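What follows is a set of notes on a single structure, which appears directly below.
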2 protein chains.
Amino acid sequence: MRKGMLEYCIMLLLRHQACYTNDIIQRLREAEMIVMEGTLYPLLSRLKRDGLLAYEWRESTQGPPRKYYLLTDEGQQALAQLNASWEEIQRTVNLLKQ
Amino acid sequence: MRKGMLEYCIMLLLRHQACYTNDIIQRLREAEMIVMEGTLYPLLSRLKRDGLLAYEWRESTQGPPRKYYLLTDEGQQALAQLNASWEEIQRTVNLLKQ
DNA sequence: ATTAGTACCTTGCGATACAAGGTATTCAAA
DNA sequence: TTTGAATACCTTGTATCGCAAGGTACTAAT
């Protein structure tokens, strides 16, 4: 059932703090949301392509450089939409639960 | 983002009251969840095949007979699982929102 | 008998997530 | 200097889900 929630969770995560892939996987795992590498890379690329995310390269102390993603202004607007959708879904479920 | 929520919503809907397809579409629409016929029929068939739903034919005053679906005992157990998943997703989102 | 309305269902398409595998960079040890 | 381990990037193939469109069958009214 978590399908479809992933994009929302990632945008929530990247709205204040820039992260690279392993950060994201780790942070989501701490929030009990499991996500695979092969899922994440295409999703990040798509959000970048759509202008919702931007990235910058940063050196690492150990290993190759990393792509640090952050939400753009356009992404913030899209996130506001998703917040509204999330509220609506909660309303729907609560209504059906009665 | 409502993707994946549909199965849960339908099982919530059918846990107490038997409905046929147009009932379900109508009731979900009232809860602000739009679902298409072509989505619903395969989903109901799958839940039936998996033993989570059962149906019985009922005559209609106008038109051909209808399949009225209701949640089975096995479906009730599956629904308890989905309720737990739903709680977890809410926890995840709330945690990421901080 | 024909038509309109209702209810059932199927097929083809696009999007999403997973599993598996592949490329490239860095650093340390042989 | 070269080899290998670790890290980080990405792609491909598969399954599932939801939608759009189209199709079949039964009922009732004209």
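No experiment lies behind these values; they were computed from the predicted model shown. Here is how names work: the chains are called A, B, and so on, in the same order as the sequence lines, proteins then strands, and each is numbered from 1.
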Hey, does the side chain of B:Asn22 come within less than 4.0 Å of C:dA7's phosphate (OP1/OP2), counting only N and O?
-> yes

Separation of D:dT16 C1' from B:Tyr8 OH (nearest whole Å) | 21 Å

Mind calculating the distance between CG (B:Asp23) and P (C:dA7) to the nearest angstrom?
-> 9 Å

Could you pull out all donor-acceptor pairs under 3.5 Å where a side-chain atom in residues 21-28 of chain A meets a protein atom, sequence neighbours excluded?
| from | atom 1 | to | atom 2 | distance (Å) |
| --- | --- | --- | --- | --- |
| A:Thr21 | OG1 | A:Tyr41 | OH | 3.4 |
| A:Arg27 | NH1 | A:Gln17 | OE1 | 2.7 |

What N/O pairs connect the protein and nucleotides 23-30 of chain C at under 3.5 Å? Give each pair on its own line.
none

Side chain to side chain, B:Gln90 and A:Gln90, heavy atoms closer than 4.5 Å | yes

Does any non-hydrogen side-chain atom of A:Tyr8 lie less than 4.5 Å from one of A:Met11?
-> no

So the salt bridge (Lys or Arg N to Asp or Glu O under 4.0 Å) pairs with at least one residue in residues 86-98 of chain B (sequence neighbours excluded) are A:Glu32-B:Arg91, A:Glu87-B:Lys97, A:Lys97-B:Glu87

Integer-rounded Å distance: C:dC8 C1' and B:Lys48 NZ = 15 Å

When the distance from CD1 of B:Ile25 to C1' of D:dG18 is rounded to whole Å, what number comes out?
-> 13 Å

Between B:Gly38 and B:Pro42 the two heavy atoms that sit nearest each other are O-CD, 3.2 Å

Quick one: closest heavy-atom pair of A:Leu70 and A:Ala18, and the distance?
-> CD1-N, 3.5 Å

Whole-Å distance separating the CE atom of B:Met1 from the P atom of D:dC19 = 15 Å

Is B:Arg15 reaching over with its side chain to a backbone N or O of B:Leu12, donor-acceptor style, under 3.5 angstrom?
-> yes

Find the distance B:Ile10:CD1 to D:dC17:P and express it as a whole number of Å.
-> 12 Å

Under 4.0 Å between any heavy atoms, over every strand shown, what does B:Thr21 touch: base, sugar-phosphate, or nothing? Just pick one.
-> sugar-phosphate

For the pair made of CH2 in B:Trp57 and C1' in C:dC9, what is the distance, rounded to whole Å?
-> 10 Å

Shortest non-hydrogen contact from B:Glu7 to B:Leu82?
-> OE2-CD1, 4.5 Å

Angle, rounded to 10°, between the helical axes spanning five pairs at each terminus of the helix from C:dA1-D:dT30 to C:dA30-D:dT1?
-> 30°

Please state whether the phosphate of D:dT11, meaning OP1 or OP2, lies under 4.0 angstrom from any side-chain nitrogen or oxygen of A:Tyr41.
-> no

Pairs under 3.5 angstrom only: tabulate donor-acceptor contacts from the side chains of residues 50-58 of chain B to other protein residues two or more places apart or in another chain.
| from | atom 1 | to | atom 2 | distance (Å) |
| --- | --- | --- | --- | --- |
| B:Glu56 | OE2 | B:Arg58 | NE | 2.9 |
| B:Glu56 | OE2 | B:Arg58 | NH2 | 3.1 |

Rounded off to whole Å, could you give me the CG-to-P distance for the B:Leu44 and C:dA7 pair?
-> 14 Å

Take atom CG of A:Asp73 as the centre, draw a 6.0 Å sphere, and report whether it contains more than 12 heavy atoms from other residues, nucleotides or ligands.
-> no

Would you confirm whether B:Arg2, through its side chain, and B:Ile34, through its main-chain N or O, come within 3.5 Å as a donor-acceptor pair?
-> yes

Enumerate all atom pairs, one protein N or O and one N or O from nucleotides 17-20 of chain C, separated by less than 3.5 Å.
| from | atom 1 | to | atom 2 | distance (Å) |
| --- | --- | --- | --- | --- |
| C:dA17 | OP1 | A:Gly4 | N | 3.1 |
| C:dC18 | OP1 | A:Arg2 | NH2 | 3.3 |
| C:dC18 | OP2 | A:Thr39 | OG1 | 2.4 |

